[in-house]
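Read through the structure below, which is laid out as structure tokens, and then see the notes.
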Amino acid sequence: MADLKDLFPEDNFEREMHNKLRELAPSIIDSLYKRLIEDGSTNAGKVLLNKIVSDAREPMPRLNLAPVEGLDDVPRFISELLSAAANGQITPSQVSKLINSTAIYVTLQEKANSRAIGKMIREGKIPGM
């Protein structure tokens with residue numbers, strides 16, 4: 001299978017992908033909705049459409065925030081998000097989505113750290129353990 005980046009010029013990759021998704025989205029949504037109706041899942045179809053429409057109505061703006069490179073950056077990042085909301089740059093629901101994504105990141109980092117510490121203890125690399 002070809003890499004997606006091979007299909008689009010490097011400098012236009014993100015824009016081209018967004019354009020392609022906008023082009024294909026209606027047919028993808030129609031296909032999913034028809035399949036859900038055929039399976040008798042009309043409520044699931046309504047939920048799907050409501051979710052897609054609500055996300056489409058509220059695109060995520062580009063913010064100039066410092067990247068989160070580790071767990072120590074999370075408090076600063078959340079503070080910057082709250083400031084952006086207070087200044088009207090983003091909505092409270094956008095802050096919520098970003099904080100939820102940050103919570104997932106924190107959880108994954110903590111699991112990775114726990115595994116790494118566990119491995120170090122098993123290998124005797126942490127003295128006194």
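- Within a 6.0 Å radius of CG in Asn100, more than 12 heavy atoms belonging to other residues, nucleotides or ligands are found.
- Between Glu110 and Leu71, the closest side-chain pair of non-hydrogen atoms falls below 4.5 Å.
- Counting heavy-atom neighbours within 6.0 Å of Asn64 CG, excluding the residue itself, gives a total of 12 or less.
- Taking both residues in full, the closest heavy atoms of Val95 and Ala85 are given as CG2-CB, 3.6 Å, listed atom of the first, atom of the second, then distance.
- To the nearest 0.5 Å, the span separating CD1 on Ile78 from CG on Asp73 amounts to 11.5 Å.
- For the atom pair CD1 of Ile99 and CG of Leu82, the computed distance is 5.0 Å after rounding to the nearest 0.5 Å.
- Within the 3.5 Å criterion, the main-chain N or O of Ile117 finds no donor-acceptor partner in the side chain of Arg122.
- In this structure, CZ on Arg76 lies 4.5 Å from CD on Glu80, to the nearest 0.5 angstrom.
- Listed here is the closest heavy atom pair of Leu81 and Ile90: O-CD1, 3.8 Å.
- Remark: side-chain polar atoms of Ser96 are not paired, donor with acceptor, to backbone N or O of Pro92 under 3.5 angstrom.
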